[in-house]
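Here's the structure we're looking at; comments come further down.
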Amino acid sequence: MSQRWVCLDVGETLIDETRVWSIWADELGVPRLTFLAALGAVIERGGEHRDVFPIFGADDWRLRMASVEDAYGGFQAHDLYPDALRGLDCLRDAGYRLAIVANQPASRADELRAIGVDAEVMAMSEGMEVAKPHPAFFAKARELMGGPQPGSVAYVGDRIDNDVLPSARAGMRAVWLRRGPWGVIQRPPDGVQPALSVDSLDELIERIGEAWDDRFIAK
Ligand SMILES: [Mg+2]
């Protein structure tokens with residue numbers, strides 16, 4: 001069995017989060033376009049997603065999480081990007097070992113399994129008690145995989161700040177998936193190049209071999 005691992009993020013990597021952000025807009029009584037554009041502005045200036053709430057005076061957003069989750073009902077099959085299941089199957093067929101380790105509530109792992117997503121290792125930050133971009137998140141992820149060399153793990157995610165930079169610093173092959181709001185707005189800092197950049201998991205399947213080319217390891 002190959003000892004090369006592909007470890008994937010969840011939000012905007014496997015799951016299209018349009019629905020949950022739209023529910024947040026509805027919850028706050030803000031037109032969806034206005035809310036989503038404001039989220040884009042927050043991303044552009046390097047903020048965290050929670051920074052969008054004060055723009056609409058919703059400092060009480062944590063109190064609204066249960067209501068949003070009720071309306072959301074967890075991940076559903078139609079939230080999956082169309083290439084998600086196909087991408088995982090193709091990577092598995094190509095001999096890669098698969099992990100899904102992401103910043104998510106603990107319940108999301110079972111929700112993913114219920115919609116057909118599976119991997120040898122599935123762990124969510126809430127259950128791990130550490131989150132990206134902390135270095136301990138990537139150390140813990142590797143531990144859960146059984147301790148492969150970091151250079152034999154490709155970490156696939158959409159965010160430069162939470163996925164590409166910290167996984168590269170952890171010695172992994174950082175694969176940047178340029179989709180979702182972070183993926184289309186963020187840019188790598190000067191002098192930093194992901195091991196591989198792709199626009200879809202379909203493209204990843206075609207090009208994953210390039211992630212192991214030492215010439216392209218991010219500094
Ligand atoms: Mg993500």
Side-chain angles (χ1 to χ4, degrees), residues 5-24 36 39-52 65 68-69 72 74-76 78-85 87-88 91 98-109 111-112 115 117 119 121-128 130-138 140-141 144 153-170 172-188 192 194-204 208 211 218:
W5 285 81
V6 178
C7 184
L8 298 105
D9 168 52
V10 171
E12 300 304 330
T13 294
L14 299 173
I15 294 285
D16 179 340
E17 295 177 311
T18 301
R19 192 167 63 86
V20 71
W21 285 112
S22 299
I23 290 170
W24 269 110
L36 298 175
L39 178 62
V42 165
I43 294 167
E44 171 66 28
R45 59 187 184 232
E48 274 304 314
H49 61 81
R50 67 182 73 92
D51 298 337
V52 73
M65 286 177 70
V68 167
E69 186 61 26
Y72 188 48
F75 294 154
Q76 297 174 16
H78 61 91
D79 296 318
L80 285 167
Y81 272 101
D83 58 7
L85 297 182
L88 293 171
L91 289 167
L98 298 182
I100 297 172
V101 188
N103 280 4
Q104 293 286 339
S107 60
R108 299 295 190 228
E111 293 169 16
L112 285 168
I115 57 175
V117 175
V121 171
M122 289 182 75
M124 303 294 126
S125 56
E126 186 184 46
M128 295 163 69
V130 63
K132 292 182 284 190
H134 199 290
F137 173 94
F138 295 90
K140 179 73 178 173
L144 291 170
V153 179
Y155 192 87
V156 181
D158 59 296
R159 289 179 58 156
I160 293 292
D161 55 349
N162 264 11
D163 299 312
V164 171
L165 293 178
S167 64
R169 285 193 195 108
M172 297 177 174
R173 315 283 171 144
V175 178
W176 184 26
L177 180 52
R178 295 176 297 204
R179 69 181 176 194
W182 286 267
V184 301
I185 292 171
Q186 292 187 323
R187 289 289 174 270
V192 172
L196 177 64
S197 299
V198 294
D199 293 338
S200 67
L201 293 177
D202 283 335
E203 185 182 355
L204 177 69
I208 181 71

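What's counted below: heavy atoms across the whole structure, side chains too, no hydrogens, waters or symmetry copies. Keep in mind the model is a prediction, meaning the values are calculated, not measured. When a ligand or atom number is given, it counts from 1 through the structure's own listing order.
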Please determine whether [X] has a backbone or side-chain N, O or S atom lying under 2.8 Å from the Mg ion (ligand 1).
X      : result
Arg159 : no
Asp163 : no
Glu12  : no

Rounded to the nearest 0.5 Å, how far does CZ of Arg178 lie from OG of Ser197? 5.0 Å

Less than 4.0 Å between a side-chain N and a carboxylate O, is that true for Lys132 and Asp9? yes

Check ion pair Arg159-Glu48 (N to O, under 4.0 angstrom):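 Counted as a salt bridge, because a side-chain N and a carboxylate O are separated by less than 4.0 Å.
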
Please tell me whether Asp16 and Thr18 have a donor and an acceptor in their side chains that are separated by less than 3.5 angstrom. yes

Heteroatom of Asp9 nearest to the Mg ion (ligand 1) (N, O or S, atom name): OD2

Of all the N, O or S atoms in Asp158, which one sits nearest to the Mg ion (ligand 1)?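 That would be atom OD1.
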
Can you say whether the rings of Tyr155 and Phe138 are parallel (under 30°), tilted (30 to 60°) or perpendicular (over 60°)?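 The arrangement is perpendicular - the two ring planes meet at more than 60°.
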
